[in-house]
Amino acid sequence: MRIHNSLTGRKEELRPLEPGHVRMYVCGDTVYDFCHIGHARSKIAFDVVRRYLVWRGFRVTYVRNITDIDDKIIRRAAEAGEPIEVLTARYIDAMHEDYDRLGILRPDHEPRATEYLPAIVEMVSRLIEGGYAYVATNGDVMYAVSSFPGYGRLSGKRLADLRAGARVEIDEAKRDPLDFVLWKTSKPGEPAWDSPWGPGRPGWHIECSAMATALLGAHFDLHGGGMDLKFPHHENEIAQSCAATGEAFVECWMHNGFVNVDSEKMSKSLGNFFTIRDVLARLRDPEVLRYFFLSSHYRGPISYSPGQLGQADAALGRLYTALRDLPLPATDEAAPQGAATERFQAVMDDDFNTPEAVATLQGLAREVNSARARGDMAAAAAAGAELRLLGRVLGLLQREPEAWFRAGVPGAISDARIAELIEARAAARKAKNWAQSDRVRDELAQAGVILEDKPGGQTVWRRA
RNA sequence: GGCGCGGUGGCAGAGCGGUCAUGCAGCGGCCUGCAAAGCCGUGGAGAUGGGUUCGACUCCCGUCCGCGCCUCCA
């Protein structure tokens with residue numbers, strides 16, 4: 001299978017360094033606030049990478065870090081007047097809750113920066129010993145960018161261009177404006193860990209290098225994150241890791257595109273972000289958001305709007321409609337693997353083309369409905385089982401269809417009341433009192449409930 | 001200023017040098033008491049100006065427009 005490598009700008013065959021075992025690292029979140037749907041997109045994209053690799057038979061070791069010490073966290077905690085650990089614990093819990101709801105599987109390791117101080121200190125020491133870092137005049141430890149020949153390769157930047165960019169703030173303590181902090185000495189009252197350079201805390205970039213190396217080794221297969229991390233974060237990671245270990249760092253870099261709002265990047269600094277929990281509160285099911293993201297390719301931008309989520313709800317509903325009342329095998333393992341599976345695999349093998357993969361799911365739904373229409377229930381069930389299995393690889397179709405249709409915005413008409421009205425309508429229909437029957441149906445429609453009369457006289461319903 | 005990405009039918013969004021993406025919406029038919037759902041069928045595209053080619057939405061060049069990174073950011 002082929003993956004687009006940001007380092008080379010092209011798709012490359014995946015050849016795990018250790019045959020059959022893919023080691024991947026994804027940059028997680030800084031926990032000082034609720035996660036927004038931009039974070040969700042990235043985590044879902046790499047969750048699908050992980051799920052798909054496992055389905056393809058690879059053993060996967062997935063590491064996703066948590067940044068639990070950083071300037072913004074310190075500031076937020078001070079503003080809230082609470083200990084840092086209390087603040088970060090609260091947002092870590094919230095993050096887990098949000099990601100679990102979205103069906104994002106937990107990584108194999110979820111290291112926190114504060115748990116890896118010894119590894120971080122050791123890596124910084126090694127960089128100083130190797131001549132790649134220095135103690136600046138203000139006491140901070142800096143990475144000397146000019147000491148690393150490959151600097152700029154990932155982001156396609158040249159040192160001269162970066163300096164000419166003049167957007168880098170001039171810091172007297174640095175020998176070169178592009179040098180970045182590895183170890184930050186702490187001011188009084190700030191959290192601090194002991195180090196050979198005095199009490200302080202790690203710079204942002206070094207934690208990922210240290211944790212990735214500790215858990216996956218110096219040289220591993222996949223490293224992912226949002227486009228915005230390409231420079232400087234990932235560029236710096238490469239410089240740190242390669243210089244400290246003397247080995248190659250990452251084989252393949254993957255970067256996901258942004259979520260846009262009004263064709264602008266959604267970000268905390270712009271303030272145009274929507275938290276996961278706010279968005280989910282307005283959806284029938286978190287899978288709708290997941291389907292929305294998977295409907296476009298992970299590397300491109302995606303425009304967020306409530307209307308688009310509505311389309312995703314309808315499209316996913318079509319898949320659940322196909323599955324409704326279908327006699328499916330107890331386990332997906334028994335699912336047949338037909339032409340759809342073949343196509344699914346072909347498009348996913350090509351840099352995780354989830355829009356095409358979703359299209360094959362829609363094709364299977366048509367197969368199910370089509371077979372059902374001609375009375376071939378065996379064929380319908382077979383296609384349905386295949387649909388559910390492939391859906392699971394994308395983290396979709398995990399609900400009971402009936403539950404999916406009944407889910408809706410809280411506070412609406414109760415299931416019991418709906419059943420009551422349907423019963424009353426059934427009586428009217430039996431008496432061929434169509435006017436009365438239609439009145440009930442209209443009443444339910446007003447309440448957001450759509451009825452469907454089945455051939456046998458049964459009536460099923462769903463929330464709009 | 002440097003580096004990079006993109007402009008596809010009413011909406012969203014893929015692949016592909018010459019046959020279908022897919023979903024929603026539209027239209028016709030079937031089904032239904034009527035609907036809904038579903039099935040069958042169907043119209044509708046490729047920012048522009050050139051070039052390459054027997055043939056380009058797909059390759060190359062220019063132009064216009066939009067966006068991102070270069071600063072914390074998924």
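By convention in this document, chain letters (A, B, ...) are assigned in the order of the sequence lines, proteins followed by strands, and residues within each chain are numbered from 1.
Figure legend. C69(B) is base-paired to G2(B); pairs are counted as Watson-Crick or G-U wobble with both atom distances under 3.5 Å. Using Watson-Crick or G-U wobble geometry with both donor-acceptor distances under 3.5 Å, G26(B) finds its partner in U42(B). U32(B) is unpaired under the criterion used here, namely a Watson-Crick or G-U wobble arrangement in which both key atom distances are under 3.5 Å. Judged by Watson-Crick or G-U wobble contacts below 3.5 Å, the nucleotide C59(B) has G51(B) as its partner.
Taking only side-chain nitrogens and oxygens, R366(A) never comes nearer than 4.0 Å to OP1 or OP2 of U22(B). An OP1 or OP2 oxygen of C73(B) is reached within less than 4.0 angstrom by a side-chain nitrogen or oxygen of W204(A). Within the 4.0 Å cut-off from OP1 or OP2 of A12(B), not a single side-chain nitrogen or oxygen of S296(A) is found. Contact check, R318(A) against G23(B): a side-chain N or O comes under 4.0 Å of OP1 or OP2. One finds no side-chain N or O of R425(A) lying less than 4.0 angstrom from the OP1 or OP2 phosphate oxygen of C34(B). Side-chain nitrogen and oxygen atoms of N353(A) include none within less than 4.0 Å of the OP1 or OP2 phosphate oxygen of A14(B).
The same atom, P, is picked in G7(B) and in C59(B); the two are 11 Å apart, to the nearest Å. Taking atom C1' in both G18(B) and G26(B), one finds a spacing of 29 Å when rounded to whole Å. The gap from the C1' atom of C34(B) to that of C24(B) amounts to 25 Å, rounded to the nearest Å. Annotation: A74(B) and G66(B) have their P atoms spaced 28 Å apart (nearest Å). Here, C30(B) and C64(B) have their C1' atoms 49 Å apart, quoted to the whole Å. Comparing the same atom, C1', in U58(B) and in U19(B) gives a spacing of 15 Å after rounding to whole Å. Going from the C1' atom of C57(B) to that of A47(B) covers 12 Å, rounded to whole Å. Taking the P atom of each, U8(B) and U42(B) are spaced 26 Å apart, rounded to whole Å.
Residue F405(A) contributes atom CZ, which lies 12 Å from atom C1' of A36(B) at whole-angstrom precision. Atom NE2 in H255(A) sits roughly 15 Å away from atom C1' in C3(B) (whole-Å rounding). A straight line from CH2 of W434(A) to P of G33(B) spans 7 Å, rounded to a whole angstrom. Here G13(B) presents its P atom at 10 Å from CZ of R41(A), a figure rounded to the nearest Å. The distance between atom CZ of R153(A) and atom C1' of C70(B), rounded to the nearest whole Å, is 19 Å. When the P atom of A36(B) is taken as reference, atom OH of Y320(A) falls 25 Å away, rounded to whole Å. The separation between Y291(A) atom OH and G13(B) atom C1' is 10 Å, rounded to whole Å. Computed from coordinates, the D442(A) CG to G33(B) P distance equals 18 Å when rounded to whole Å.
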Do any side-chain atoms of residues 250-260 of chain A form donor-acceptor pairs under 3.5 angstrom with protein atoms, and if so which ones, sequence neighbours left out?
unit_1: E251(A); atom_1: OE2; unit_2: H219(A); atom_2: NE2; d: 2.7
unit_1: H255(A); atom_1: ND1; unit_2: S6(A); atom_2: OG; d: 2.7
unit_1: H255(A); atom_1: NE2; unit_2: H234(A); atom_2: ND1; d: 2.8
unit_1: N256(A); atom_1: OD1; unit_2: S42(A); atom_2: OG; d: 2.9
unit_1: N256(A); atom_1: OD1; unit_2: G226(A); atom_2: N; d: 3.3
unit_1: N260(A); atom_1: ND2; unit_2: E264(A); atom_2: O; d: 3.4

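A salt bridge does not link R463(A) to D313(A): none of the charged nitrogens lies less than 4.0 Å from a carboxylate oxygen.
The side chain of K157(A) approaches G2(B) more closely than any other nucleotide in the set A12(B), C67(B), G2(B). Of the candidates G38(B), C39(B), A21(B), A21(B) carries the atom nearest the R343(A) side chain, counting heavy atoms from C-beta on. Across A37(B), A74(B), G23(B), the shortest atom-to-atom separation from the side chain of K43(A) is found for A74(B).
If you check distances only, the side chain of K265(A) does reach the base of C73(B) with a donor-acceptor pair under 3.5 Å. Contact annotation: side chain of R441(A) to base of C34(B), donor-acceptor pair present below 3.5 Å. For D438(A) against G33(B), a side-chain-to-base donor-acceptor contact under 3.5 Å is present. Between the side chain of Q362(A) and the base of G23(B), no donor-acceptor pair under 3.5 Å is found. At a cut-off of 3.5 angstrom, the base of C73(B) holds no donor-acceptor pair with the side chain of D33(A).
Among the protein residues, V347(A) comes within range of no part of the nucleic acid, since none of its heavy atoms lies under 4.0 Å from any strand. Note on R462(A): only backbone sugar-phosphate atoms sit closer than 4.0 angstrom, heavy atoms only; bases stay farther off. Within 4.0 Å (heavy atoms only), F292(A) reaches no atom of the nucleic acid at all. Within 4.0 Å of E356(A), counting heavy atoms only, lies at least one base atom of the nucleic acid. Counting non-hydrogen atoms under 4.0 angstrom, S437(A) reaches a base of the nucleic acid. Among the protein residues, H297(A) comes within range of the sugar-phosphate backbone only, with heavy atoms under 4.0 Å from sugar or phosphate atoms but none that close to a base. Contacts of N260(A) with the nucleic acid, taken as non-hydrogen atoms under 4.0 Å apart, are absent. Nucleic acid contact for K72(A): base, since at least one base atom lies under 4.0 Å from a heavy atom of the residue. In this structure, R429(A) reaches the bases: a heavy-atom distance under 4.0 Å links it to at least one base atom across the strands shown. Nucleic acid contact class of L451(A) (heavy atoms, under 4.0 Å, all strands): base. Residue-level contact check: S269(A) touches the bases, meaning some heavy atom is under 4.0 Å from a base atom. Residue contacts for A359(A): at a heavy-atom cut-off of 4.0 Å it reaches a base atom on one of the strands shown. Backbone-only contact: D29(A) has heavy atoms under 4.0 Å from sugar-phosphate atoms and none from a base. Within 4.0 Å (heavy atoms only), G38(A) reaches at least one base atom of the nucleic acid.
More than 12 heavy atoms of other residues, nucleotides or ligands sit less than 6.0 Å from atom CD of E79(A). K184(A) NZ: 12 or fewer foreign heavy atoms inside a 6.0 Å radius.
Between H233(A) and H205(A), the ring planes are tilted. Angles from 30° to 60° get that label. Relative ring orientation between F274(A) and Y304(A) is described as tilted, the plane-to-plane angle lying within the 30° to 60° band.
For the residue pair D29(A) / Y99(A), a side-chain donor-acceptor distance below 3.5 Å is found, with atom types taken as modelled. In the model, E386(A) has a side-chain atom that pairs as donor or acceptor with a side-chain atom of T341(A) under 3.5 Å. Using modelled atom types, one finds no donor on one side chain facing an acceptor on the other under 3.5 Å when comparing Y25(A) with E237(A).
Remark on RNA chain B: of its neighbouring residues F46(A) and P301(A), the 5'-side contact belongs to P301(A), judged by nearest-heavy-atom nucleotide.
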